[in-house]
2 protein chains.
Amino acid sequence: MTSTERSPVRPTRQRRAVATALAGFDDFRSAQEIHDLISRQGDSVGLATVYRTLSALADAGEVDMLRNEDGEAIWRSCSDTHHHHLVCRTCGATVEVEGPAVERWTGSIAAEHGYADISHTLEIFGTCPACR
Amino acid sequence: MTSTERSPVRPTRQRRAVATALAGFDDFRSAQEIHDLISRQGDSVGLATVYRTLSALADAGEVDMLRNEDGEAIWRSCSDTHHHHLVCRTCGATVEVEGPAVERWTGSIAAEHGYADISHTLEIFGTCPACR
DNA sequence: GACAAGTTGACAATGGTTCTCAAGGACGGT
DNA sequence: ACCGTCCTTGAGAACCATTGTCAACTTGTC
(Lines give C-alpha, C1' and ligand atoms only; values in the text may rest on other atoms or scores of the structure.)
Protein backbone atom coordinates (compact mmCIF):
# COMPACT_ATOMS: atom_id res chain seq x y z
CA MET A 1 0.00 0.00 0.00
CA THR A 2 2.67 2.47 0.96
CA SER A 3 5.18 3.61 -1.64
CA THR A 4 7.95 2.07 0.43
CA GLU A 5 7.15 -1.40 -0.85
CA ARG A 6 8.96 -2.30 -4.03
CA SER A 7 8.82 -5.64 -5.72
CA PRO A 8 11.08 -5.51 -8.74
CA VAL A 9 9.33 -7.18 -11.63
CA ARG A 10 11.74 -9.20 -13.70
CA PRO A 11 11.39 -9.48 -17.44
CA THR A 12 11.23 -13.20 -17.92
CA ARG A 13 10.54 -15.31 -20.97
CA GLN A 14 7.18 -16.27 -19.45
CA ARG A 15 6.00 -12.72 -18.87
CA ARG A 16 7.02 -11.80 -22.37
CA ALA A 17 5.03 -14.70 -23.74
CA VAL A 18 1.92 -13.62 -21.87
CA ALA A 19 2.34 -10.05 -23.09
CA THR A 20 2.72 -11.27 -26.67
CA ALA A 21 -0.38 -13.38 -26.40
CA LEU A 22 -2.34 -10.47 -24.96
CA ALA A 23 -1.30 -8.31 -27.88
CA GLY A 24 -2.73 -10.88 -30.26
CA PHE A 25 -6.44 -10.39 -29.58
CA ASP A 26 -8.73 -7.61 -28.53
CA ASP A 27 -11.68 -9.40 -27.06
CA PHE A 28 -11.93 -11.00 -23.63
CA ARG A 29 -10.36 -14.44 -23.18
CA SER A 30 -10.20 -16.83 -20.28
CA ALA A 31 -6.88 -17.66 -18.65
CA GLN A 32 -7.01 -21.12 -20.14
CA GLU A 33 -7.56 -19.78 -23.64
CA ILE A 34 -4.63 -17.45 -23.20
CA HIS A 35 -2.59 -20.37 -21.98
CA ASP A 36 -3.51 -22.28 -25.13
CA LEU A 37 -2.61 -19.30 -27.28
CA ILE A 38 0.82 -19.22 -25.72
CA SER A 39 1.34 -22.89 -26.47
CA ARG A 40 0.20 -22.38 -30.02
CA GLN A 41 2.66 -19.54 -30.45
CA GLY A 42 5.41 -21.98 -29.54
CA ASP A 43 6.14 -20.96 -25.97
CA SER A 44 5.59 -23.08 -22.93
CA VAL A 45 4.36 -21.40 -19.78
CA GLY A 46 2.74 -23.05 -16.80
CA LEU A 47 -0.92 -22.38 -16.25
CA ALA A 48 -0.26 -21.15 -12.73
CA THR A 49 2.22 -18.65 -14.09
CA VAL A 50 -0.32 -17.41 -16.60
CA TYR A 51 -2.74 -16.80 -13.75
CA ARG A 52 -0.09 -15.10 -11.67
CA THR A 53 1.00 -12.88 -14.51
CA LEU A 54 -2.51 -11.91 -15.51
CA SER A 55 -3.37 -11.01 -11.93
CA ALA A 56 -0.25 -8.92 -11.61
CA LEU A 57 -1.02 -7.11 -14.84
CA ALA A 58 -4.56 -6.52 -13.69
CA ASP A 59 -3.31 -5.06 -10.42
CA ALA A 60 -1.01 -2.84 -12.40
CA GLY A 61 -3.96 -1.70 -14.48
CA GLU A 62 -2.55 -3.02 -17.71
CA VAL A 63 -5.26 -5.55 -18.35
CA ASP A 64 -8.95 -5.61 -17.58
CA MET A 65 -10.47 -8.59 -15.88
CA LEU A 66 -14.14 -9.20 -15.70
CA ARG A 67 -16.41 -12.18 -15.21
CA ASN A 68 -18.57 -13.83 -17.81
CA GLU A 69 -21.99 -15.19 -16.96
CA ASP A 70 -20.52 -18.37 -15.57
CA GLY A 71 -18.32 -16.46 -13.17
CA GLU A 72 -15.17 -17.28 -15.08
CA ALA A 73 -12.51 -14.61 -15.16
CA ILE A 74 -11.82 -13.23 -18.62
CA TRP A 75 -9.06 -10.83 -19.58
CA ARG A 76 -7.78 -8.45 -22.20
CA SER A 77 -5.22 -5.69 -22.38
CA CYS A 78 -6.65 -2.23 -22.07
CA SER A 79 -5.96 1.44 -22.23
CA ASP A 80 -4.87 3.13 -19.03
CA THR A 81 -7.82 5.45 -18.60
CA HIS A 82 -10.95 4.58 -16.72
CA HIS A 83 -13.45 3.01 -19.10
CA HIS A 84 -16.13 0.40 -19.55
CA HIS A 85 -16.87 -2.23 -22.17
CA LEU A 86 -19.41 -2.92 -24.82
CA VAL A 87 -19.08 -6.64 -25.45
CA CYS A 88 -20.63 -8.80 -28.14
CA ARG A 89 -22.18 -11.78 -26.44
CA THR A 90 -21.72 -13.90 -29.54
CA CYS A 91 -18.16 -13.27 -30.70
CA GLY A 92 -16.74 -11.30 -27.81
CA ALA A 93 -15.77 -8.27 -29.89
CA THR A 94 -15.19 -5.47 -27.45
CA VAL A 95 -15.35 -1.70 -27.62
CA GLU A 96 -13.98 0.43 -24.83
CA VAL A 97 -16.34 3.23 -23.95
CA GLU A 98 -16.13 6.17 -21.63
CA GLY A 99 -18.99 7.85 -19.89
CA PRO A 100 -18.26 10.89 -17.80
CA ALA A 101 -21.98 11.24 -17.18
CA VAL A 102 -22.15 7.79 -15.66
CA GLU A 103 -19.15 8.47 -13.47
CA ARG A 104 -20.84 11.57 -12.16
CA TRP A 105 -24.11 9.79 -11.68
CA THR A 106 -22.64 6.95 -9.61
CA GLY A 107 -20.78 9.46 -7.49
CA SER A 108 -23.83 11.48 -6.69
CA ILE A 109 -26.02 8.46 -6.03
CA ALA A 110 -23.44 7.17 -3.60
CA ALA A 111 -23.07 10.52 -1.86
CA GLU A 112 -26.82 10.81 -1.60
CA HIS A 113 -26.91 7.63 0.44
CA GLY A 114 -23.84 8.46 2.47
CA TYR A 115 -21.60 5.86 0.87
CA ALA A 116 -17.91 6.72 0.61
CA ASP A 117 -14.90 5.37 -1.20
CA ILE A 118 -16.86 4.50 -4.31
CA SER A 119 -16.03 2.16 -7.13
CA HIS A 120 -18.27 0.62 -9.72
CA THR A 121 -18.57 -1.95 -12.45
CA LEU A 122 -20.44 -1.36 -15.66
CA GLU A 123 -20.46 -3.62 -18.67
CA ILE A 124 -22.77 -3.53 -21.64
CA PHE A 125 -23.60 -6.68 -23.58
CA GLY A 126 -25.19 -6.90 -26.98
CA THR A 127 -24.91 -8.39 -30.44
CA CYS A 128 -22.40 -6.70 -32.71
CA PRO A 129 -23.13 -5.74 -36.31
CA ALA A 130 -21.12 -8.69 -37.65
CA CYS A 131 -23.06 -11.23 -35.62
CA ARG A 132 -26.57 -10.18 -36.50
CA MET B 1 -39.25 -18.47 -24.76
CA THR B 2 -42.68 -18.76 -26.36
CA SER B 3 -45.74 -18.55 -24.18
CA THR B 4 -46.63 -22.10 -25.14
CA GLU B 5 -44.05 -23.50 -22.75
CA ARG B 6 -45.39 -24.00 -19.27
CA SER B 7 -43.57 -25.61 -16.44
CA PRO B 8 -45.91 -25.60 -13.51
CA VAL B 9 -43.99 -24.62 -10.44
CA ARG B 10 -45.15 -26.55 -7.45
CA PRO B 11 -45.30 -24.97 -4.02
CA THR B 12 -43.13 -27.26 -2.00
CA ARG B 13 -41.88 -27.07 1.54
CA GLN B 14 -38.38 -26.46 0.21
CA ARG B 15 -39.29 -23.56 -2.01
CA ARG B 16 -41.22 -21.99 0.82
CA ALA B 17 -38.18 -22.32 3.07
CA VAL B 18 -35.98 -20.56 0.54
CA ALA B 19 -38.53 -17.78 0.13
CA THR B 20 -38.71 -17.34 3.89
CA ALA B 21 -34.96 -17.16 4.17
CA LEU B 22 -34.80 -14.61 1.37
CA ALA B 23 -37.32 -12.46 3.19
CA GLY B 24 -35.08 -12.43 6.23
CA PHE B 25 -32.26 -10.28 4.92
CA ASP B 26 -31.80 -7.45 2.49
CA ASP B 27 -28.16 -7.67 1.55
CA PHE B 28 -26.53 -10.09 -0.86
CA ARG B 29 -25.77 -13.59 0.45
CA SER B 30 -24.10 -16.60 -1.08
CA ALA B 31 -26.05 -19.77 -1.73
CA GLN B 32 -24.22 -21.47 1.08
CA GLU B 33 -25.08 -18.72 3.54
CA ILE B 34 -28.70 -18.97 2.52
CA HIS B 35 -28.52 -22.71 2.98
CA ASP B 36 -27.19 -22.17 6.50
CA LEU B 37 -29.93 -19.66 7.24
CA ILE B 38 -32.53 -22.23 6.27
CA SER B 39 -31.00 -24.80 8.59
CA ARG B 40 -30.94 -22.29 11.38
CA GLN B 41 -34.60 -21.49 10.85
CA GLY B 42 -35.31 -25.16 11.46
CA ASP B 43 -35.91 -26.38 7.95
CA SER B 44 -33.78 -28.86 6.08
CA VAL B 45 -33.22 -28.31 2.38
CA GLY B 46 -30.50 -29.81 0.24
CA LEU B 47 -27.82 -27.49 -1.04
CA ALA B 48 -28.52 -28.51 -4.63
CA THR B 49 -32.14 -27.58 -4.15
CA VAL B 50 -31.18 -24.19 -2.80
CA TYR B 51 -29.13 -23.60 -5.94
CA ARG B 52 -31.92 -24.80 -8.17
CA THR B 53 -34.51 -22.66 -6.46
CA LEU B 54 -32.37 -19.55 -6.45
CA SER B 55 -31.61 -19.95 -10.14
CA ALA B 56 -35.27 -20.41 -10.92
CA LEU B 57 -36.20 -17.33 -8.92
CA ALA B 58 -33.49 -15.37 -10.67
CA ASP B 59 -34.81 -16.45 -14.07
CA ALA B 60 -38.26 -15.38 -12.96
CA GLY B 61 -36.84 -12.00 -11.98
CA GLU B 62 -37.75 -12.36 -8.34
CA VAL B 63 -34.21 -12.32 -7.03
CA ASP B 64 -31.07 -10.59 -8.18
CA MET B 65 -27.89 -12.56 -8.61
CA LEU B 66 -24.53 -10.97 -9.00
CA ARG B 67 -20.94 -11.98 -8.45
CA ASN B 68 -18.61 -10.83 -5.74
CA GLU B 69 -14.94 -10.23 -6.40
CA ASP B 70 -14.14 -13.91 -6.07
CA GLY B 71 -16.67 -14.82 -8.72
CA GLU B 72 -19.04 -16.32 -6.20
CA ALA B 73 -22.72 -15.92 -6.93
CA ILE B 74 -24.58 -13.86 -4.34
CA TRP B 75 -28.30 -13.34 -4.13
CA ARG B 76 -31.10 -11.28 -2.66
CA SER B 77 -34.77 -10.74 -3.36
CA CYS B 78 -35.57 -7.62 -5.31
CA SER B 79 -38.27 -5.38 -6.60
CA ASP B 80 -39.66 -6.18 -10.01
CA THR B 81 -38.52 -3.06 -11.77
CA HIS B 82 -35.19 -2.69 -13.51
CA HIS B 83 -32.64 -1.35 -11.07
CA HIS B 84 -29.06 -1.46 -9.91
CA HIS B 85 -27.34 -1.75 -6.55
CA LEU B 86 -25.29 0.34 -4.24
CA VAL B 87 -23.53 -2.19 -2.04
CA CYS B 88 -21.43 -1.68 1.09
CA ARG B 89 -18.24 -3.61 0.63
CA THR B 90 -17.86 -4.04 4.37
CA CYS B 91 -21.27 -5.12 5.64
CA GLY B 92 -23.11 -5.79 2.41
CA ALA B 93 -25.91 -3.33 3.10
CA THR B 94 -27.63 -2.73 -0.20
CA VAL B 95 -29.67 0.08 -1.70
CA GLU B 96 -31.58 -0.42 -4.92
CA VAL B 97 -31.14 2.53 -7.23
CA GLU B 98 -32.65 3.49 -10.53
CA GLY B 99 -31.03 5.56 -13.20
CA PRO B 100 -33.06 6.34 -16.27
CA ALA B 101 -30.14 8.43 -17.50
CA VAL B 102 -27.83 5.46 -17.40
CA GLU B 103 -30.32 3.29 -19.23
CA ARG B 104 -30.54 5.88 -21.93
CA TRP B 105 -26.79 6.25 -22.08
CA THR B 106 -26.09 2.54 -22.49
CA GLY B 107 -28.74 2.34 -25.18
CA SER B 108 -27.28 5.15 -27.21
CA ILE B 109 -23.69 3.99 -26.82
CA ALA B 110 -24.72 0.57 -28.06
CA ALA B 111 -26.66 1.95 -30.99
CA GLU B 112 -23.75 4.19 -31.88
CA HIS B 113 -21.59 1.11 -32.35
CA GLY B 114 -24.26 -0.91 -34.07
CA TYR B 115 -24.82 -3.33 -31.20
CA ALA B 116 -28.33 -4.69 -30.81
CA ASP B 117 -30.27 -6.56 -28.18
CA ILE B 118 -28.62 -4.73 -25.32
CA SER B 119 -28.37 -5.63 -21.68
CA HIS B 120 -26.02 -4.32 -19.05
CA THR B 121 -24.72 -4.78 -15.55
CA LEU B 122 -24.00 -1.91 -13.22
CA GLU B 123 -23.13 -2.19 -9.57
CA ILE B 124 -21.74 0.45 -7.28
CA PHE B 125 -19.56 -0.44 -4.32
CA GLY B 126 -18.66 1.76 -1.41
CA THR B 127 -18.54 2.04 2.34
CA CYS B 128 -21.87 2.75 3.99
CA PRO B 129 -22.35 5.39 6.71
CA ALA B 130 -22.51 2.75 9.44
CA CYS B 131 -19.20 1.19 8.47
CA ARG B 132 -17.09 4.31 8.29
C1' DG C 1 31.52 -16.58 -9.83
C1' DA C 2 28.59 -16.45 -5.96
C1' DC C 3 24.61 -15.02 -3.29
C1' DA C 4 20.05 -13.40 -2.19
C1' DA C 5 15.64 -12.87 -3.79
C1' DG C 6 12.20 -13.10 -7.24
C1' DT C 7 10.05 -16.84 -10.47
C1' DT C 8 8.50 -20.94 -12.27
C1' DG C 9 6.14 -25.45 -13.01
C1' DA C 10 4.13 -29.86 -11.88
C1' DC C 11 0.84 -31.34 -9.06
C1' DA C 12 -2.11 -31.35 -5.12
C1' DA C 13 -5.68 -29.12 -2.89
C1' DT C 14 -9.74 -25.99 -2.62
C1' DG C 15 -14.26 -24.91 -3.06
C1' DG C 16 -18.30 -23.29 -5.49
C1' DT C 17 -21.55 -25.20 -8.62
C1' DT C 18 -23.68 -28.77 -11.36
C1' DC C 19 -24.87 -33.56 -12.41
C1' DT C 20 -26.85 -38.14 -11.46
C1' DC C 21 -30.46 -40.96 -10.38
C1' DA C 22 -33.33 -43.38 -7.34
C1' DA C 23 -36.89 -42.12 -3.98
C1' DG C 24 -40.57 -38.91 -2.71
C1' DG C 25 -44.44 -35.59 -3.39
C1' DA C 26 -48.04 -33.00 -6.05
C1' DC C 27 -51.95 -33.00 -9.05
C1' DG C 28 -55.66 -34.38 -12.23
C1' DG C 29 -58.64 -37.87 -13.33
C1' DT C 30 -61.40 -41.80 -11.80
C1' DA D 1 -59.12 -42.52 -1.58
C1' DC D 2 -56.30 -44.71 -5.48
C1' DC D 3 -53.46 -44.27 -9.77
C1' DG D 4 -50.34 -42.82 -13.01
C1' DT D 5 -47.53 -39.18 -14.50
C1' DC D 6 -44.35 -35.89 -14.05
C1' DC D 7 -42.05 -32.58 -11.30
C1' DT D 8 -38.84 -32.34 -7.22
C1' DT D 9 -35.60 -33.54 -4.08
C1' DG D 10 -31.27 -35.05 -1.67
C1' DA D 11 -26.81 -37.31 -1.06
C1' DG D 12 -22.87 -37.69 -2.99
C1' DA D 13 -19.96 -37.78 -6.99
C1' DA D 14 -18.20 -35.15 -10.56
C1' DC D 15 -16.56 -30.82 -12.58
C1' DC D 16 -13.44 -27.41 -13.21
C1' DA D 17 -11.53 -22.80 -12.56
C1' DT D 18 -8.35 -21.06 -9.47
C1' DT D 19 -4.91 -21.10 -5.83
C1' DG D 20 -1.35 -23.18 -2.81
C1' DT D 21 3.06 -25.85 -2.24
C1' DC D 22 7.79 -26.23 -2.67
C1' DA D 23 11.97 -27.58 -4.74
C1' DA D 24 14.52 -26.21 -8.78
C1' DC D 25 15.78 -22.35 -11.56
C1' DT D 26 16.75 -17.25 -13.16
C1' DT D 27 18.09 -12.69 -12.66
C1' DG D 28 20.61 -8.76 -10.98
C1' DT D 29 24.20 -7.33 -8.00
C1' DC D 30 28.50 -7.23 -5.72
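Just so it is clear: chains get the letters A, B, ... in the order the sequence lines come, proteins before strands, and each one is counted from 1.
Between Gln14(A) and dT7(C), a side-chain N or O to OP1/OP2 separation shorter than 4.0 Å is absent.
For the side chain to side chain donor-acceptor pair (under 3.5 Å) condition, the pairs that include at least one residue of residues 46-55 of chain B, sequence neighbours left out, are Thr49(B)-Arg52(B).
To the nearest angstrom, P of dT9(D) lies 13 Å from NE2 of His35(B). A straight line from CG of Asp70(A) to C1' of dT18(C) spans 11 Å, rounded to a whole angstrom. Counting to the nearest Å, the C1' atom of dT8(D) and the CG atom of Asp43(B) are 16 Å from each other.
Side-chain contact check for Gln41(A) and Thr20(A): no donor-acceptor pair (N or O, by modelled atom type) lies under 3.5 Å.
Counting side-chain heavy-atom gaps under 4.5 Å among Ile, Leu, Val, Met, Phe, Trp and Tyr, the cluster of Phe25(A) also holds Val18(A), Leu22(A), Ile34(A), Leu37(A), Ile38(A), Val45(A), Val50(A), Leu54(A), Leu57(A), Val63(A), Met65(A), Trp75(A).
By the 4.5 Å heavy-atom criterion applied to side chains, Leu86(A) and Phe125(A) are not counted as neighbours.
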Per-nucleotide protein contact string for nucleotides 12-24 of chain D (B base, S sugar-phosphate only, - none; heavy atom under 4.0 Å): -----SBBBB---

Distances under 3.5 Å only, N/O to N/O: pair up the protein atoms with those of nucleotides 25-29 of chain C.
from    : atom 1 : to       : atom 2 : distance (Å)
dG25(C) : N2     : Arg10(B) : NH1    : 2.8

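Taking the six-membered ring for Trp and thresholds of 30 and 60 degrees, His84(B) and His120(B) have ring planes inclined between 30 and 60 degrees apart.
Qualifying side-chain contact (heavy atoms from CB on, under 4.5 Å) partners for Asp117(B), counting only residues two or more places apart in sequence or in other chains: Arg89(A), Thr127(A). For His83(B), the ring-ring contact (aromatic ring centres under 6.0 Å, His included) partners are His85(B), not counting sequence neighbours.
Although no hydrogens or angles enter the test, the distance criterion places no donor-acceptor pair under 3.5 Å between the side chain of Glu62(B) and the main chain of Ser77(B).
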